[in-house]
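Below is one structure; the comments refer to it alone.
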Amino acid sequence: MAHINQNFEKLPGSYLFAEIARRTAEYKEAHPDADIIRLGIGDVTLPLIPAVRQAMHEAVDEQADAATFKGYGPYEGYDFLREAIAEHDFAARGVDVEPNEIFISDGAKSDCGNIVDLFALENKVAVCDPVYPVYVDSNALAGRAGEYDVDAEMWTDIYYMPTTAENGFCPALPLEDVDLIYLCSPNNPTGTVLTHDQLKMWVDYANDHDAIILFDAAYERFITEEGALHSIYEVEGAKSCAIEFRSFSKTAGFTGMRCGCTVIPECLVRQGQSLNEMWMRRQSTKFNGASYIIQKGAAAIYTPEGHRQVEESLDYYRENARVIKEGLEDAGLEVYGAVNSPYVWCKTPGGMDSWTFFGKLLDEAQVVTTPGAGFGPAGEGYIRLTAFGDAEQTKEALRRIKAIL
Ligand code: PLP
């Protein structure tokens, strides 16, 4: 008899986006003529930039010619892309990350989920609350989260660190020892960034406790403020305690293309084992490498032309974020994020709970948002709006929201 992984049964249903879709569909059925504007989903809408398209067309032609055809690629990714990342994302910022510390993948979600393979069950996991659900669910599936407490909407063995306006969206150091610490900056869902000093506090903690920081930098290209960190390796001491996840999804419209990378420094060692070597072993066992065509497309964003075109797309979303932030502030709301992120995190008015405010915006303004409570208990009292929509629709959404508040 085959015994299944019982941890699947403990997982709560993917309630959040299913419930948003259900409520939106219900509203649409009752109001078929309603012009609904969706600022809920975190997916890009602009097409691929020309530099990426051209590089991929060329790669397709290479694959169509016996002289240049490529089969399986390196598990860890092609050198041309690893070298471009090392040079432009790290060396250009004065950060020493070598190409052989960079592992190309089909995106940050897979890597954030798969990284748990490297760690023993007895590790104590700490996550920010609210949280990108992958960090929690992948540990739950591995059996490292304990039981799911339906009332508290928390796992019994996960250490939750509230990150709210009250603590400036920086998690406080834990009251008990933790071993694996997930940090995400710029943060999904709050859109806020951790400062150098805040990250240094965590790097020092991790080095002192032989813990590991799992740092998600998927949104780093949205940073506009001088001094905000694009990588945890900009913090002294991070290479001996941190793994970093990066993604081309939001940077270059690759959500449907699939490409990202994970950085594991060579000096990152625990119990005498190199985590870089362990990850190589893990990837070569379970992953046959990202597509050559996609990696060629990703490398094109590091050419001068590609860089300029990426910035143009990002500016489009940045302007949406500004419109949302200023519109909500004009409506008298407390707003966070937006400046270094495509996400705008907004406090609900008058202490309203986040599903009620979601319902009000849908009913009265026909605007779909994401209730903060869906990202964890400390997300209660907030909603998330995204800057990935159409510019005119985004402006219209804010006109409507201002009119009803
Ligand atoms: N990390 C965070 C914080 C995200 O919000 C997302 C996607 O929404 C990802 C990772 C996944 O990125 P990818 O598309 O590269 O898998």
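Each ligand, and each atom within it, is numbered from 1 in the order the structure gives.
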With sequence neighbours left out, write down each residue that passes ring-ring contact (aromatic ring centres under 6.0 Å, His included) with His88, or none if nothing qualifies.
Tyr302
Can you confirm if the NZ or CZ of Lys70 lies within 45° of the ring axis of Tyr292 and under 6.0 Å from the centre of its six-membered ring?
yes
For ligand 1, what are the residues with a heavy-atom contact below 4.0 Å?
Gly107, Ala108, Lys109, Tyr132, Tyr135, Cys184, Asn188, Asp216, Ala218, Tyr219, Ser247, Ser249, Lys250, Arg258
Can you say whether the rings of His209 and Tyr205 are parallel (under 30°), tilted (30 to 60°) or perpendicular (over 60°)?
parallel
If you define the side chain from C-beta out and look only at heavy atoms, does anything of Lys239 sit under 4.5 Å from Ile264?
no
Would you please classify the geometry between the Tyr135 ring and the Tyr182 ring as parallel, tilted or perpendicular, with 30° and 60° separating the classes?
parallel
Taking the six-membered ring for Trp, is the centroid-to-centroid distance between Phe388 and Tyr317 below 6.0 Å?
yes
